[in-house]
Amino acid sequence: MNNTPELNISLKHVTADDIRLLASMSRETFYAAFGHLNSADDMDAYTAKAFGHDQLLSEIATPGSTFYFAILNEQVTGFIKINTGHAQTEFKNRNSLEVERLYVLAQHQGKKIGSQMLEAAVSMAVEQQRDMIWLGVWERNANAIRLYERMGFMHCGNHDFMLGGDRQTDLLMCRDLK
């Protein structure tokens, strides 16, 4: 049983003015989560492309794509990226909401920040009368998979994810909201 008290976060919409912090956090959290399981070359290639300033500015400007910082005690502790409509990476023609990224800084792990961000995304999807909320998770990320299953997500497909030159498999996990 986890006796860690749940601390309440707030979400702050990420704007172009926040791009340096978003880029830095994206790289830091991605390396912390996956760096020990992948080659340095593949990690460097992926993060240079996915988390560059121009790439993130483009994503922020994409209709249907929104980033939020998780704020705890006036400190940024993580972030979430939500996509709807054609901004989604899959299910583009469905009435669904995608959680494309969900990351918490290492020093804030265990505070239920990820769960709270995911609960906020579910609430947004319900409020927007979406039929489904979904996400992709690396098949080797057992902790995240357990969290998503606890929160009512079920395996609903797979897709390839290119990390540098390494083809990996992401599990698609869906939660029906109907």
Can you confirm whether [X] sits close enough to [Y] that some side-chain heavy atom of one is under 4.5 Å from a side-chain heavy atom of the other?
{"X": "Glu98", "Y": "Ile82", "value": "no"}
{"X": "Met124", "Y": "Leu11", "value": "yes"}
{"X": "Phe153", "Y": "Leu118", "value": "yes"}
{"X": "Met132", "Y": "Leu177", "value": "no"}
{"X": "Glu139", "Y": "Gln168", "value": "no"}
{"X": "Asn38", "Y": "Trp138", "value": "yes"}
{"X": "Phe69", "Y": "Met25", "value": "yes"}
{"X": "Phe79", "Y": "Leu102", "value": "no"}

Taking all heavy atoms of [X] and all of [Y], pick out the closest pair and write down the distance.
{"X": "Ala70", "Y": "Met117", "result": "CB-SD, 3.6 Å"}
{"X": "Phe91", "Y": "Ser96", "result": "O-OG, 3.6 Å"}
{"X": "Leu147", "Y": "Ser115", "result": "CD1-OG, 3.2 Å"}
{"X": "Leu105", "Y": "Thr29", "result": "CD2-CG2, 3.7 Å"}
{"X": "Ile60", "Y": "Thr15", "result": "CD1-O, 3.9 Å"}
{"X": "Leu72", "Y": "Asn8", "result": "CD1-O, 3.5 Å"}

request  = Report the C-alpha distance between Phe30 and Phe51 in whole Å, list the side-chain angles of each, state the deciding distance to 0.1 Å, and finish with yes or no for ring-ring contact (aromatic ring centres under 6.0 Å, His included).
outcome  = CA-CA 10 Å; Phe30 197 81; Phe51 304 137; 5.6 Å; yes
Does [X] use its side chain to pair, donor to acceptor, with the backbone of [Y] at less than 3.5 Å?
{"X": "Asn73", "Y": "Gln75", "result": "no"}
{"X": "Thr62", "Y": "Ser58", "result": "yes"}
{"X": "Glu100", "Y": "Asn83", "result": "no"}
{"X": "His155", "Y": "Gly157", "result": "yes"}
{"X": "Ser24", "Y": "Arg20", "result": "no"}
{"X": "Gln128", "Y": "Ala125", "result": "no"}

Give a yes-or-no answer on whether the side chains of [X] and [Y] include a donor-acceptor pair shorter than 3.5 Å.
{"X": "Tyr31", "Y": "Thr47", "result": "yes"}
{"X": "Glu90", "Y": "Trp134", "result": "no"}
{"X": "Tyr46", "Y": "Asp41", "result": "no"}

Reported CD1-to-OG1 distance for the pair Ile133 and Thr84, which is rounded to 0.5 angstrom =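 Going from CD1 on Ile133 over to OG1 on Thr84, the span is 11.5 Å.
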ask   = Atom CG of Leu22 and atom OH of Tyr68: how far apart are they, to the nearest 0.5 Å?
value =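 Between Leu22 CG and Tyr68 OH, I get 13.5 Å after rounding to 0.5 Å.
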ask   = Can Arg167 and Asp160 be counted as an ion pair, charged N to O under 4.0 angstrom?
value = yes
ask   = Are Glu59 and Arg101 close enough for a salt bridge, meaning some N to O gap below 4.0 Å?
value =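 A salt bridge links Glu59 with Arg101.
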request  = Could you please spell out the steps behind the side chain to side chain contact (heavy atoms under 4.5 Å, CB included) verdict for Met151 and Glu119?
outcome  = CA-CA 8 Å; Met151 296 192 68; Glu119 286 172 6; 3.3 Å; yes
query = Asp54: what forms a salt bridge (Lys or Arg N to Asp or Glu O under 4.0 Å) with it, not counting sequence neighbours?
reply =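 With sequence neighbours excluded, Asp54 shows a salt bridge (Lys or Arg N to Asp or Glu O under 4.0 Å) to no residue whatsoever.
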